[in-house]
Amino acid sequence: MDLLRGTRLGAPMSALQLSLEALHLAPTAPDSIPSQPFVDGDPFVIDKIPHVLFSGGHDKAEHLFRGHPSGDSGTTCICVPAFNRQPAVVFVNLRDPRDVRVHELGDVTMQDAC
């Protein structure tokens with residue numbers, strides 16, 4: 001969300017894709033999100049291309065597969081919804097990360113949960 005505030009990307013999935021392309025999980029840290037400065041290295045740098053990259057707390061579930069230029073593999077980017085905005089569970093097949101399923105739980109209110 002912090003990346004969206006400082007850019008014209010407009011959508012969480014776009015910010016997640018930009019983080020993947022930049023190979024950095026928190027490009028605005030420590031300038032605009034709380035993080036300690038690191039002297040010896042940046043722990044938010046992505047050293048190895050992940051099979052799955054996700055971010056949580058969004059308005060809706062969304063997923064997209066990004067293939068790598070080599071064609072060998074790729075990364076599935078997933079925006080996981082905040083439960084109070086979209087009551088759903090996101091499942092990722094560990095054998096094939098491109099297989100993502102969103103299971104809607106219907107209208108769930110806090111009173112139903114009690």
Task: Minimum-distance pair of heavy atoms, taken over all atoms of Ser73 and Phe65 - done: C-CZ, 4.3 Å
- [ ] Kindly work out whether a path of hydrophobic side-chain contacts (I/L/V/M/F/W/Y, heavy atoms less than 4.5 Å apart) joins Leu64 to Phe54.
- [x] no
TODO: Give a yes or no on whether Ile49 and Leu53 share a hydrophobic cluster (residues Ile, Leu, Val, Met, Phe, Trp, Tyr; joining criterion: side-chain heavy atoms under 4.5 Å apart).
DONE: yes
TODO: Report yes or no: does Gln86 contribute a side-chain atom to a donor-acceptor pair with the main-chain N or O of Ala61 at less than 3.5 Å?
DONE: yes
Open item on the list: Quick check for you: to the nearest 0.5 Å, what is the distance between Glu62 atom CD and Ser14 atom OG?
Closed with: 8.0 Å
Open item on the list: On a heavy-atom basis, which atom in Ala88 and which in Val102 lie closest, and how many Å separate them?
Closed with: CB-CG1, 3.8 Å
Task: Any Pro43 side-chain heavy atom under 4.5 Å of Leu25 side chain - done: no
Task: Residue pairs involving residues 90-100 (criterion side-chain hydrogen bond (donor to acceptor under 3.5 Å, both in side chains); sequence neighbours excluded) - done: Asn93-Asp99, Asp99-Arg101
Task: hydrophobic_cluster_shared for Phe44 and Leu23, side chain cutoff 4.5 Å - done: yes
TODO: Scan residues 44-61 for pairs that pass salt bridge (Lys or Arg N to Asp or Glu O under 4.0 Å), counting only residues two or more places apart or in two chains.
DONE: Asp59-Arg85
- [ ] Could you name each residue pair satisfying side-chain hydrogen bond (donor to acceptor under 3.5 Å, both in side chains) that touches residues 35-46, not counting sequence neighbours?
- [x] His24-Asp42
Task: Passing candidate, side-chain contact (heavy atoms from CB on, under 4.5 Å) with Pro97, options Thr76, Thr75, Ile78 - done: Thr76
Task: Distance, nearest 0.5 Å, that separates SG of Cys79 from CD of Gln17 - done: 8.5 Å
Open item on the list: Please report the interatomic distance CG(Leu16) to SG(Cys77), rounded to the nearest 0.5 Å.
Closed with: 4.5 Å
Task: Heavy-atom closest pair, residues Ile46 and Ser19 - done: CD1-O, 4.2 Å
Open item on the list: Within the 4.5 Å heavy-atom criterion, are His58 and Met13 side-chain neighbours or not?
Closed with: no
Open item on the list: If hydrophobic clusters are built from ILVMFWY residues whose side chains come within less than 4.5 Å, do Val80 and Phe91 share one?
Closed with: no
